[in-house]
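Read through the structure below, which is laid out as structure tokens, and then see the notes.
Model, not experiment: these values are computed from the prediction. Both counts, for ligands and for their atoms, begin at 1 and track the order of listing.
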Amino acid sequence: MAARKLSSLLSVSSSAAAASLRTFGRFSGAGRSISRFSTSVATQEAINSTLKAEEPISPPIEIDHTQLLINGQFVDSASGKTFPTFDPRTGDVIAHVAEGDTEDVNGAVDAARKAFEQGPWPRMTAYERCRIILRCADLLEKHIEDVAALETWDNGKPYEQALNIELPMVIRTFRYYAGWADKIHGLTIPADGQFHVQTLHEPYGVTGLIIPWNFPLLLYSWKVAPSLACGNTIVLKTAEQTPLSALYVSKLFHEAGLPPGVLNVVSGYGATAGAALSSHMDVDKLSFTGSTVTGKIILGLAAKSNLKPVTLELGGKSPFIVCEDADVDKAVELAHNALFFNQGQCCVAGSRTFVHERVYDEFVEKAKARALKRIVGDPFKKGVEQGPQIDDAQFNKILKYIKSGIESGATLESGGVRHGSKGYYVQPTVFSDVQDDMLIAKDEIFGPVQSISKYKNLDEVIQRANATPFGLAAGVFTQNIDTANTLTRALKAGTVWVNCYDVFDATIPFGGFKMSGQGREKGIYGLTSFLQVKAVVTPLKNPAWL
Ligand SMILES: NC(=O)c1ccc[n+]([C@@H]2O[C@H](COP(=O)([O-])OP(=O)(O)OC[C@H]3O[C@@H](n4cnc5c(N)ncnc54)[C@H](O)[C@@H]3O)[C@@H](O)[C@H]2O)c1
């Protein structure tokens, strides 16, 4: 693997585009009288001129793995077909990747079945399974710069974010679940009658895992690590936008000693490879992360085939509530990151910012200033906070939502247009005066668009925050413990962060209320979703006690 070190690239002096953004941010923040549209246009011109002068940084990694990984071997797809994966910075093709379809999924499921029924994996001791997962964590740590570079190239997320935040979380998740492997056990139960009753917590067998593109490896780790720790085998379907990093890390699992057939990776499209896996009669359990629309399809396919149980981690429209006693500067920074992190492509994005009327004007002014200071640019460049969106479909969808926000009467405070002239960059966009019935307040935009609304009292904001079919997460910002307690109990969401946001430790359960999902990942809850319980009842002759 030719792996030039990134440190040299990252020392490139901060971009002229970023500098002009910062300068412009200070300038425009001082004068709200500047027309909002001219704000966008002027920023746009400054950025365009600097972007033209700069070529995208060459990613310091070569692509070694583009085939499917089945039964421990990299192989072409049965059809011989490939599909392109794109660089979101330019729209250029990074690589052509083997395109898995029904036949490949069938082969992968057969390999996983054989590995489960006949292979060494479920028969080795739990401690041996633990050590393989730990060894993979060590290998990933060793190759962390390569893998972070792949993730950034394929996804567009800032390299520093991939390297310093996400991959350490992936490694931690591997180690967390490795530690569980030899601590999974059932109960003995004092049932009525002369019986010895015990429960066995058993692996399902073949698990089908389907993941999206926004956090390719982090979501890989949330599913692959607990499934392996429980002794299952796996067929993983990656997102068609980001197939590369999972192939690399799955190869590392094999280097760490994973037997062939235990972890199979099929790259390909949802409607073909994903649907084939969801409706396969020999897959025992499915775990899916993606949109609510696809979640419904997958649940239907599982029901129509062999009624396999399904864990669903779906979309969100999470409220971030700023209370009247909030320290506005801190609230602005937290709300900004809650929405703009990962280019706004987070299932938990705090995409409805509710601000109490007492601090509303100050909050809006400062939220705008913060967005104007956000550093957008090549995600391989040091200091960049925001890279491009994943692809042209998401890019166009986001611009349509921005247009709809303007047309429905929300006030555009910053951004509102593309950033630069190539790739899928969108300017950090802030709307104020957002009403609950506007599309931007109802739909999951999945982009860098903050929507700020005003509220008067707690009862009102609770009702409005809960008035959504989603229930993934919520943020509460207050210095009053009673207000915090009232809100945390009233909000219908799988996670409530108080005076913090996006805290994703491997130990903390994660999942959605309502149409944001079914089941939980991470922590012990994520483990139990890969186990089934068997009750074993044996008559006792002359027991000494019952
Ligand atoms: N709740 C969570 O933990 C969580 C985390 C990250 C992302 N998400 C959600 O994911 C969505 C964004 O990701 P996306 O656009 O990739 O979602 P998506 O639903 O379009 O795709 C997700 C995965 O499902 C596959 N897929 C698509 N159609 C399929 C079908 N008919 N049968 C089987 N598989 C199919 C895709 O190929 C991909 O691998 C957002 O809604 C976001 O909120 C949720």
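- Residue, atom and distance of the protein heavy atom nearest to atom 17 (O) of ligand 1 are Ser291 N, 3.4 Å.
- Distances shorter than 4.0 angstrom do not occur between any heavy atom of Gly512 and any atom of ligand 1.
- Near Ile210, meaning under 4.0 Å from any of its heavy atoms, are these atoms of ligand 1: 23 (C), 24 (O), 25 (C), 39 (O).
- Atom 13 (O) of ligand 1 has Pro212 CB, 3.4 Å as its closest protein atom, hydrogens excluded (heavy atom only).
- Atoms of ligand 1 lying under 4.0 Å from at least one heavy atom of Thr289, given by number and element, are 2 (C), 3 (O), 4 (C), 5 (C), 6 (C), 7 (C), 8 (N), 22 (C), 44 (C).
- Taking the six-membered ring where the residue is Trp, Phe354 and Tyr455 present perpendicular rings, their angle passing 60° and hence far from 30°.
- Taking the six-membered ring for Trp and the full ring otherwise, the centers of Tyr176 and Trp222 sit at least 6.0 Å from each other.
- Not one N or O on the side chain of Asn155 forms a donor-acceptor pair closer than 3.5 Å with the backbone of Glu151.
- For atom 12 (C) of ligand 1, the nearest protein heavy atom (residue, atom name, distance) is Phe446 CE2, 3.6 Å.
- For the pair Ser278 and ligand 1, a heavy-atom separation below 4.0 Å is found.
- Every atom of ligand 1 is numbered from 1 in the order shown, and the set under 4.0 Å from a heavy atom of Leu472 is 1 (N).
- Against a heavy-atom cut-off of under 4.0 Å, Thr238 is close to the following atoms of ligand 1: 39 (O).
- Atoms of ligand 1 lying under 4.0 Å from at least one heavy atom of Lys237, given by number and element, are 36 (C), 37 (O), 38 (C), 39 (O).
- Ligand-side atoms of ligand 1 in range of Ile297: 31 (N), range being under 4.0 angstrom from any heavy atom.
- Contact annotation for atom 21 (O) of ligand 1: protein absent (non-hydrogen atoms, distance under 4.0 Å).
- If you check which protein heavy atom lies closest to atom 9 (C) of ligand 1, you get Gly290 O, 3.1 Å.
- For atom 26 (N) of ligand 1, the closest heavy atom belonging to the protein is Gly270 CA, 3.3 Å.
- Counted within 6.0 Å of NZ on Lys514, heavy atoms from surrounding residues, nucleotides or ligands total more than 12; the atom is thus considered enclosed.
- Using bins of under 30°, 30° to 60° and over 60° for the plane-to-plane angle, the ring pair Tyr424/Phe395 lands in the tilted bin.
- Counting only residues at least two apart or on different chains, the salt bridge (charged side-chain N to carboxylate O under 4.0 Å, His left out) pairs with a member in residues 227-240 are Lys237-Glu240.
- Near Leu219, meaning under 4.0 Å from any of its heavy atoms, are these atoms of ligand 1: 5 (C), 6 (C).
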